[in-house]
Amino acid sequence: MAKIVCVLYDDPVDGYPKSYARDDLPHIDHYPDGQTLPTPKAIDFQPGALLGSVTGELGLRKYLESLGHTFIVTSSKDGPDSVLERELPDTEIVISQPFWPAYLTAERIAKAPKLKLAITAGIGSDHVDLQAAIDRKITVAEVTYCNSISVAEHVVMMILGLVRNYIPSYQWVVKGGWNIADCVERSYDVEGMHVGTVAAGRIGLAVLRRLRPFDMHLHYYDRHRLPEATEKELGLIWHPTVEDMAKVCDVVTINAPLHPETEHLFNDALLAKMKRGAYLVNTARGKICDRDAIVRALESGRLAGYAGDVWFPQPAPKDHPWRSMPHHGMTPHISGSSLSAQTRYAAGTREILECWFEGRPIRDEYLIVDGGKLAGAGAHSYSAGNATAGSEEAANFSKAS
Ligand code: NDP
């Protein structure tokens with residue numbers, strides 16, 4: 001029987017919810033490209049429940065224990081004394097969400113000789129050293145598409161929030177003010193602006209589709225070009241390089257995976273090529289941006305605003321400069337963990353586990369690494385290598401709290 005360690009974020013500070021704001025979730029048949037939603041044989045949770053925190057357990061305990069497996073759920077993931085690190089020597093499967101990532105560095109993988117499967121309950125497996133997984137023939141799988149639309153909605157919200165100066169205006173209300181001039185001195189319309197996405201995969205394309213009704217000019221940069229019919233339908237302008245796109249855009253949104261090709265892509269040199277007063281929204285991965293270069297660009301006015309929900313490492317230390325830099329609209333990593341998204345990725349995790357234990361193939365679109373190489377979605381969207389360097393700093397969050 002297997003030992004499975006599942007790393008989840010902590011419950012709400014006022015306790016696991018006893019009731020919810022809404023009674024149900026809308027029914028969705030399939031994703032926009034026709035891919036089916038997760039298809040486990042059964043689920044043991046109520047759709048719409050908080051599944052991503054420790055008490056929610058992704059709704060997996062009943063299923064896994066009925067098969068005789070040991071199921072350990074913890075939020076303790078960083079540093080040598082963490083539950084994750086203590087359990088690694090005889091763990092076969094690690095499940096983790098990108099919001100509260102269980103960093104599986106080469107050193108940790110070396111401490112886990114029985115590890116065979118790393119499941120990302122979400123999208124984005126950069127918290128696993130993919131090169132080490134390839135070398136050790138560990139399967140890495142994620143629940144492709146489960147929260148892509150959730151993130152696309154968040155990106156649109158953040159673009160509008162930055163450009164229209166929403167958060168500072170809200171704060172004036174809370175402070176008891178009526179300071180219209182203070183609110184509007186940095187407020188613009190998005191209509192007529194040029195917006196570009198770095199990567200036009202599931203999220204990037206969904207963002208462009210959602211921004212079209214705002215009468216913005218739509219741009220994208222991606223390694224592979226979209227079908228001509230899609231370009232025509234949305235009036236998209238493709239750019240062969242990120243620099244080419246960044247210099248003409250008023251708003252740039254980053255929607256590429258983090259892998260060696262995209263790590264620190266937005267550095268001082270690229271930011272210097274952007275229009276003065278551009279906005280940058282990054283819900284992809286914190287490390288795609290050079291942390292201090294972003295702060296400098298906001299301080300100098302090169303960027304008029306930066307928003308996103310991804311940081312490096314996660315959780316971000318209390319003194320992370322993105323918490324206090326000017327004109328930001330950061331949240332913790334939440335865009336892909338709405339209650340709607342959790343239902344899908346909990347079901348997708350269950351589907352992957354059922355396939356694993358029943359000896360059935362995991363869907364190709366869920367695979368990132370398999371059989372000692374990049375596979376499925378991973379072969380299309382990632383490059384081999386490691387993007388986990390520096391993740392040990394995540395331990396500083398709990399030390400400081
Ligand atoms: P997709 O796989 O559908 O899209 C990724 C796109 O990135 C592909 O079109 C791929 O291009 C492109 N890409 C990869 N490398 C490069 C590169 N070097 N330059 C330009 N384009 C590149 O994934 P999603 O759209 O669903 O998700 C994208 C990322 O968003 C995830 O990997 C994850 O990091 C992040 N994410 C964040 C979430 C959150 O909660 N904040 C939740 C979900 C995802 P091609 O395949 O054509 O080579």
Side-chain angles (χ1 to χ4, degrees), residues 9 31-33 35 52 96-101 120-128 130 140 142-155 157-158 196-210 219-227 230 236 238-246 252-266 270 281-289 307-312 314 330-338 340-342 344-345 348 364-368 374-385 387-388:
Y9 46 77
Y31 297 115
D33 71 352
Q35 183 185 314
S96 163
Q97 302 170 109
F99 323 106
W100 187 258
T120 304
I123 303 173
S125 298
D126 48 277
H127 57 280
V128 181
L130 295 182
V140 181
E142 59 185 48
V143 190
T144 303
Y145 232 143
C146 64
N147 54 14
S148 302
I149 300 302
S150 322
V151 178
E153 291 184 3
H154 207 85
V155 172
M157 174 185 82
M158 288 187 147
T197 175
V198 178
R202 293 169 182 85
I203 298 174
L205 182 58
V207 169
L208 293 173
R209 281 191 186 286
R210 279 155 182 73
H219 301 251
Y220 78 101
Y221 154 68
D222 198 304
R223 302 188 296 192
H224 300 98
R225 218 159 153 173
L226 290 165
T230 310
L236 303 181
W238 174 74
H239 295 265
T241 65
V242 67
E243 290 83 4
D244 197 52
M245 185 185 81
V252 172
T253 155
I254 305 175
N255 299 297
L258 169 63
H259 54 106
E261 275 177 29
T262 57
E263 186 167 344
H264 294 152
L265 184 63
F266 280 77
L270 180 56
V281 171
N282 176 15
T283 52
R285 285 297 178 260
K287 234 190 191 185
I288 296 175
C289 294
D309 66 334
V310 286
W311 308 64
F312 188 82
Q314 290 187 181
M330 294 299 296
T331 63
H333 193 165
I334 55 165
S335 63
S337 196
S338 59
S340 322
Q342 290 176 39
R344 294 187 291 270
Y345 66 68
D364 211 39
E365 63 248 36
Y366 288 173
L367 289 175
I368 302 300
L374 290 172
H380 196 70
S381 294
Y382 285 77
S383 59
T388 64

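Only this structure's heavy atoms are used, side chains among them; waters, hydrogens and symmetry mates stay out. Counting starts at 1 for both ligands and their atoms, following the listed order.
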Proximal candidate to atom 32 (O) of ligand 1 [heavy atom criterion; set Pro257, Ser150, Ser337]: Pro257
Candidates Tyr345, Tyr382, Tyr221; heavy atom nearest atom 20 (C) of ligand 1 found on Tyr221
With distance as the sole criterion, is a donor-acceptor pair present between the side chains of Ser337 and Tyr345 under 3.5 Å? yes
Specify the protein heavy atom at minimum distance from atom 1 (P) of ligand 1: its residue, its atom name, and the distance to 0.1 Å. Arg202 NH1, 3.5 Å
Does a donor on one side chain sit under 3.5 Å from an acceptor on the other, for Glu365 and Tyr145? no
In terms of atom number and element, which parts of ligand 1 are under 4.0 angstrom from non-hydrogen atoms of Phe99? 40 (O)
Taking only heavy atoms of His380 into account, list the atoms of ligand 1 that are under 4.0 Å away from them. 45 (P), 46 (O), 47 (O), 48 (O)
Could you check if a side-chain atom of Val143 sits within less than 4.5 angstrom of a side-chain atom of Tyr366, using non-hydrogen atoms only? yes
What is the closest protein heavy atom to atom 9 (O) of ligand 1, and at what distance does it sit? Asp222 OD2, 2.8 Å
For ligand 1, which is the ligand I care about here, please tell me if Asn147 has any N or O atom under 3.5 Å from one of the ligand's N or O atoms. no
Quick one: nearest non-hydrogen protein atom to atom 6 (C) of ligand 1, plus distance? Ala199 CB, 3.7 Å
Nearest protein heavy-atom contact for atom 27 (O) of ligand 1: which residue, which atom, what distance? Ile203 CD1, 3.3 Å
Got an N/O contact under 3.5 Å between Thr262 and ligand 1? no
So does Gly122 get a backbone contact from the side chain of Glu142, meaning a donor-acceptor N/O pair under 3.5 Å? no
Minimum heavy-atom separation for Ala206 to Ile149, with atom names? CB-CD1, 3.7 Å
My understanding is that we take every heavy atom of each candidate and find the minimum distance to atom 40 (O) of ligand 1. Doing that for Gly122, Gly336, Ala377, which one comes out nearest? Gly336
shortest atom 4 (O) of ligand 1-to-protein heavy-atom contact is with Gly201 CA, 3.4 Å
Parallel, tilted or perpendicular: which describes the rings of Phe99 and Tyr9, with under 30° parallel and over 60° perpendicular? perpendicular
Which residue and atom name correspond to the protein heavy atom nearest atom 26 (O) of ligand 1, and how close is it? Ser148 OG, 2.9 Å
Any N/O of Gly124 closer than 3.5 Å to an N/O of ligand 1? no
Atom 14 (C) of ligand 1 sits nearest the protein heavy atom Ser381 O, 3.3 Å
If you compare His154, Arg285, Glu261, His224 by their heavy atoms, the one closest to atom 48 (O) of ligand 1 turns out to be His224
Which residue owns the protein heavy atom closest to atom 42 (C) of ligand 1, what's the atom, and how far is it? Val151 CG2, 3.2 Å
Of Thr241, Asn255, Asp126, Thr144, the residue with the heavy atom nearest atom 28 (C) of ligand 1 is Asn255
